[in-house]
Amino acid sequence: MTTVSPFDRPYQPKDIEQKWYQVWLSKGYFKAETSAKKKPYVIIMPPPNITGSLHQGHALAYYIQDCLVRWKRMLGHNVLWLPGSDHAGIATQNVVEREMTKEGLSRHKLGREKFIERVWQWREHYGHRILEQLHRFGASCDWSRERFTLDEHSSKAVTEAFVSLYQEKLIYRGSFLINWCPRCESALSDLEVEHEEKKGKLWQIQYALADEPGQVVVATTRPETLLGDTAVAVHPEDERYRSLIGKFVILPLLHRKIPILGDVSVDPAFGSGVVKITPAHDFNDFEVGQRHHLEMISIFDEKAHLTREAGPYQGLERFKARKQILQDLQKEGLLMAEQEHLFAQGLCQRCQTLVEPRLSLQWFVKTKPLAAPALRAVQSGEVKIIPEGWGKTYFHWMENIKDWCISRQIWWGHRIPAWYCSEQHTTVSSEAPKRCSVCKSQSLKQDEDVLDTWFSSALWPFSTLGWPRQTKELKLFYPSHVLETGFDILFFWVARMMMMGIHFMKEPPFHEIFLHAMVRDAEGQKMSKTKGNVMDPLDSIETYGSDALRFTHLSLACQGRDVKLSNDRIEGYRNFMNKMWNAARFVLMNFPKETKFSTDFDSSELPVVHQWILTRLQETILETRRSLEEYRLNEACFTVYHFAWSEFCDWYIELSKSHLNAEVLWYTFRELIKLLHPFMPFITEEIWQHLPDKEVESVMMASYPKANSAHVHAMAKKEMEAMMAIVSYIRTVRAEHQVKPSKTIPAVIVVSNKSIFSLLEREKSTMIHLAKLSEFSLSLKAVDTKNYVVGTVGFADVLLPMRELFDVENEKKRLQKELQKIVQELEHIEQKLAQSSFIEKAPKEVVEKEKQRAQELKLRKQQVGNNLEKICSG
RNA sequence: AGGCGGGUAGCUCAGUUGGUAGAGCUUCGCCCUUACAAGGCGGAGGUCGCAGGUUCGAGUCCUGUCCCGCCUACCA
C-alpha cells in the first residue's frame, strides 16, 4: 500500500475514508476463515429492515459492533461479523403499498405475484443503499457471507423449523381471539400492538330484564360492541345482583335474549358492577365466554366494518357505528350516563391504526416449553445480559409468556408450509405434498398466509450459518460471542432467538447479550420522520467524517442510558481527529527516517519525561483493554482521548520539541495509533500508511497493544507529576498577571527534599522549556524572598520575581483566594483528625494520608499568609 | 397497577470494591509560542432532587418521598 493523499491540514476525512474502505475490501481483510487455527470471534449482525435507509440507531449499533470486531481481530481472533438484512414483512409491505397508492395502484389490483415482484424491486434498491451506508460506517463485516431473511437458504431454514415444530406439537392452528389490524388486514402478535393512554368516554347503558320488570346498567367504552354481546356478568358474591344470576336480559337494539352470569373476573366496585360480555371482541370477555361456553358473535369483518350479525347496522364502519348506536340508544332512552374515562388503546405498531380484537383461525407457537430453557440459560449465568438490569425484564416476560400468533394475512414473507384439502384436513410439509395426509385427496391448496417476520429472525443465528445443513460454519461459528442490539427488541427478537436457538441447536445462540440505549436528538426526543428531527448518519458523516461520528456514538454509549446526539458533540470529536492528524504531522516531521522501530528497547535509564509517557502509555493500554472487555466503550473512549490529547499532545509532544527521543516518540505514537484504531479506523489507517516503519501493511491487521511492564516506571510518573504541578503553577501566575506568553521570566525554586532537588536539577532544561523561563535556579536552603512572589507546590517553594512582572493587586486577590481555599480545607481535615473515632476506626493509611495533607496545608497556609502580608506591606 | 432507568457545573453527561467532585460544550482572560486557531495556556462555575438512616467518613449502601422517562398489564 502506498500513501495517496498528502498530509494536508486540517484533516479532510471524506476522500480518505472512502479510499481505505475500498482497499480493505479488496485485500479481503474482513473475511473470516473456515480453516483457521485461530480462535473464532463471532458477531451476527442484527439485520436492518429493508424499509428504508439506516438511522442513527443503526449507526450506534454497527459502530459498537465494528469496534468490538476490529479489536478482536487485532487480538488475533478469526473474526466473523456476518451481515444481512431483514425482509420485515408487514413494515416493508406497508411502505411499498403506500408508494403504490401514490400511483393509484393497490396490491389487490396488482395481484399477489406481481406485488411480490414489486417488493423485490424495492429490496434491490434499498438493500443497495443500506450496503452503501454500512461501507461509510466502515463496517468490517464479511460481505461474502451476506444474507437476507428471505433468501433461498433462510427460507429453507424457516420451512424446516416450522415443520419440525409442528411435528413436535409446538406449532398449532386454532381459532382464537387475536389482535387484528383492520388497515393491514392481518393478525398481529401481542408485541406488535403498542399501547397508548387516551382520554375517552365511559357510557352507561340500560339492559332490561327479560322475564320480569326491572333492568341492569352496564358500563362500556365501546358501545358498538353490544351488538356482539352474548351475556352480561356480575360478581357471584355481589349481594345486589346475586338473585339475577341465571336470569336473562334483553339486548338493546337487537332485542336478543342473553343470560346473566356470575363470574369472578367482574369487579363489583367498578361502574355498576355489571359487565356486558362480548366474547368475540374483547380479550377478557373471550375468556369469560370460554368458561361459560357462550356463543361468540363476530360483528366486524376484516376491515372492521359491521357484518350481517349486526343486523340493521351491517356495512357501517366501526366509528360510524358507534355514533349511530349511541344515537339510537339515546332515542330509546337507554343511554344512562356518559363520563370521561382514561383507557389504554392498542395501536398497530406499523401503521398506528386502532387494533381490533378479532376471532380468527391462526397459527400459533406454543411458547411455554420453549421459554423455560431460555429462561434458565440466563438465570444460570450461561448467557449474560449487559447491562444486568435487563435480566429482570427478560425474566418477567419469559415467565408470563403467551402463545405466539405467527400467521399474517399479508403477501410479503415466508409462505406457511401447510396445505388443506377440500375437507379442510391439514398437511404440513417442507415440500409441496401430492396428497392430503389424512384423506389422500389430491386437491390441495397451500395456506395463503405468511409467517411473522420475527419467526425467520428467531432462526437468524444459525440459519445464516447454513442450518438445517450441518455445515463447517455452523460447527465453527455457533454460538456467536455477543449479540449487540437495542433493548427495544429484547422480546421481539432476543428472547425468540434464545428459544429457537436452544431448541434447534441445543445451545444458546450467544454467550453475551449487550443491549445499547436509544439514540435521541439533542433535546432527548425520539427521532422520527414525523417530528422532522431525524439526523441522517450520512449527513453527519459528510460534515464531520465517519470516525468523528463513530467516536461520538461510542463515547455516548454509556450503559443503560439514552444517547443524546448533537452536532456540538460530533464537532468536538471531529476536532479530536484533527488533533491526532496534526500530532502525526509533528511525529513524522521529527522522525529521523533511518530510525528503526522496536518495542523492547531499554527504557530503564531514560530521563523522566520519557519514562513518564511510557508508563502512562502502558496504563492507558491496560485501562482501554479492561474497558473493552467489560463493554464500557465510553470509558475506553475517554481513556484513549485523555491520554492522546491531554498527555501525549499537550505535554509529551511539547516536550519533544526540546527533548526529542525519537525512539520513545515513535514507539508511543505507533502504539497509540493501534490503540485508537477500533475507535477511529479510517484516520488511523491513513496515518499508519505514512509511517515509514510499519509492522504490517494495514493497521487493522496489526496486533493490539499489550502493556509492557518493562516500560512502567512508577517513580518517573511521580516525578513528572511534581514537575507538571510546578509548571502549572508558574503558568497560572503568569496568566493571572498577564505576562505575555512570549516573554520569558526567571524562577527560583527552593526545595529541601533531596530527590526532588536532584530531579529538578536534572530536568532544568525541561522546566525552562515548559514554563517559558529565562533562567531557573535551585536552592536547597531558604533564600531571601523579599522581591519574590512565593508559591508552594508540593515540597517546593516557587519564587517568581515580583516588581517588574507582577500586578500587585492581582497577586493580592489571587493569594487571598488561595488562602481561603486552604483554610477551608484545613479546617475540614482538622475537624476530621480531632475525632478520636476517625483515628481509631479508619484504615491507617487513610489517617496517615490525612495527617500528611494537614501538614502540607499548614505549611502552605503559612507561606501564602506570609506572601500576602509582604505584598500588603510592600 | 406493577417493573425498570434517571434527577451531579449554564447545557449534555462520566463517576463499579464508600476516603478531599470530573469531562466535553458554553463562558471569561491572554496568545497566530514553526504539529494543530477544528489550536495553546489559564480562570470562573456544583451544599451531587428532597428527608432520614447505616458508617469515623456517602454522589457512591439502606429506607421513605417528590419530579421525569421508558417498559409490561384484559379493569368493562
Side-chain angles (χ1 to χ4, degrees), chain A residues 7 9-11 177 190 195 202 218-222 225 233 265-267 269-278 282-288 341 343-344 346 357 387 389-390 392-393 396-397 400 487-488 490-491 517-518 520 522 524 526 544 548 555-556 558 560-566 568-569 571-590 630 632 634-635 638 641-642 646 649-650 653-654 656-657 728 731-742 772 814 825 828-829 832 835-843 845-847 849-850 853:
Chain A
F7 238 126
R9 71 193 160 94
Y11 175 60
L177 201 62
D190 298 342
H195 295 274
L202 186 68
V218 305
T220 182
T221 53
R222 304 203 54 195
T225 62
S265 69
V266 181
D267 176 5
F270 188 91
S272 61
V274 187
V275 191
K276 62 194 272 309
I277 302 295
T278 324
D282 180 280
F283 287 99
N284 189 48
D285 294 2
F286 179 76
E287 278 170 31
V288 176
H341 184 68
F343 70 104
W390 288 104
K392 250 189 179 166
T393 312
H396 183 259
W397 192 73
N400 297 289
F487 63 79
D488 50 325
L490 181 60
F491 308 142
M518 179 90 68
R520 297 170 182 282
K526 202 168 168 172
Y544 302 109
S555 295
L556 295 176
C558 181
R561 194 129 165 175
D562 286 347
V563 172
K564 281 185 201 154
L565 195 64
S566 72
D568 283 352
R569 203 72 195 234
E571 194 179 317
Y573 291 119
R574 187 273 315 264
N575 296 351
F576 177 52
M577 300 306 140
N578 191 44
K579 187 74 181 175
M580 286 302 102
W581 186 245
N582 285 304
R585 298 178 68 224
F586 176 86
V587 171
L588 288 162
M589 238 178 240
N590 287 282
E630 293 169 2
R632 299 176 188 282
N634 60 322
E635 281 180 14
F638 177 78
Y641 179 94
H642 179 262
S646 307
C649 289
D650 288 350
I653 285 189
E654 204 46 52
S656 292
K657 289 175 183 171
S728 291
R731 283 173 176 172
T732 302
V733 176
R734 286 179 62 119
E736 297 213 333
H737 293 88
Q738 321 219 320
V739 177
K740 297 269 176 216
S742 50
K772 292 240 153 66
R814 201 183 67 78
E825 203 185 330
H828 181 78
I829 292 184
K832 228 179 189 179
Q835 286 176 312
S836 56
S837 51
F838 174 72
I839 308 285
E840 285 157 22
K841 293 187 180 170
E845 59 273 20
V846 173
V847 176
K849 220 171 115 190
E850 292 293 316
R853 182 86 186 124

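Residue numbering restarts at 1 for every chain, and letters A, B, ... go by the order of the sequence lines.
Taking atom P on both B:A23 and B:A44, the two are 12 Å apart, rounded to the nearest angstrom. Rounded to a whole angstrom, the distance from the C1' atom of B:C71 to that of B:C13 is 23 Å. Using atom C1' as the reference point in both B:C61 and B:G42, the two lie 39 Å apart (nearest Å). If you take atom P in B:G7 and the same atom in B:U12, they sit 12 Å apart, rounded to whole Å. Across B:G6 and B:C74, the matching P atoms stand 27 Å from one another, rounded to whole Å. B:G22 sits 15 Å from B:U47 when the P atoms are compared, rounded to a whole Å. Nucleotides B:G29 and B:A14 place their C1' atoms 28 Å apart, quoted to the nearest Å. Nucleotides B:C62 and B:C68 place their C1' atoms 24 Å apart, quoted to the nearest Å.
When the side-chain nitrogen and oxygen atoms of A:K657 are compared with OP1 and OP2 of B:A35, one or more of them lie within a distance under 4.0 Å.
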Hey, what are the protein-to-nucleotides 22-28 of chain B N/O distances that come in under 3.5 Å?
none

Identify the pairs formed between an N or O of the protein and an N or O of nucleotides 73-76 of chain B at a distance under 3.5 Å, and give each distance.
unit_1 : atom_1 : unit_2 : atom_2 : d
B:C74  : OP1    : A:K402 : NZ     : 3.4
B:C74  : O2     : A:N284 : OD1    : 3.1
B:A76  : OP2    : A:H341 : NE2    : 3.3
B:A76  : O2'    : A:A219 : O      : 2.6
B:A76  : N6     : A:D267 : O      : 2.4
B:A76  : N6     : A:F270 : O      : 3.0
B:A76  : N1     : A:D267 : N      : 3.1

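Across all strands, A:Q738 comes closer than 4.0 Å only to sugar-phosphate atoms, never to a base (heavy-atom distances). Within 4.0 Å of A:T732, counting heavy atoms only, lie sugar-phosphate atoms of the nucleic acid but no base atom. Here A:K392 lies in heavy-atom contact (under 4.0 Å) with sugar-phosphate atoms only. Within 4.0 Å (heavy atoms only), A:E635 reaches at least one base atom of the nucleic acid. Using a 4.0 Å heavy-atom distance criterion, A:R574 is classed as a base contact.
Within the structure, the salt bridge (charged side-chain N to carboxylate O under 4.0 Å, His left out) test picks out the following pairs touching residues 573-587 of chain A (sequence neighbours left out): A:E571-A:R574.
Straight-line distance from the NZ atom of A:K740 to the P atom of B:G29: 14 Å, rounded to whole Å. Computed from coordinates, the A:D650 CG to B:G39 P distance equals 11 Å when rounded to whole Å. Atom C1' of nucleotide B:G57 and atom CZ of A:F838 are separated by 7 Å, given to the nearest angstrom.
For A:E287, there are no side chain to side chain donor-acceptor pair (under 3.5 Å) partners at least two apart in sequence or on another chain. With sequence neighbours excluded, the residues satisfying side chain to side chain donor-acceptor pair (under 3.5 Å) with A:K657 are A:E654. Applying the side chain to side chain donor-acceptor pair (under 3.5 Å) test to A:T278 and every residue at least two apart in sequence or in another chain returns A:D229, A:K276.
Judged by closest nucleotide on RNA chain B, A:I653 is the one of A:I653 and A:N578 placed further toward the 5' end.
Ring-plane geometry between A:Y641 and A:Y573 is classed as perpendicular, the angle between the planes exceeding 60 degrees on a 0 to 90 degree scale with a lower cut at 30.
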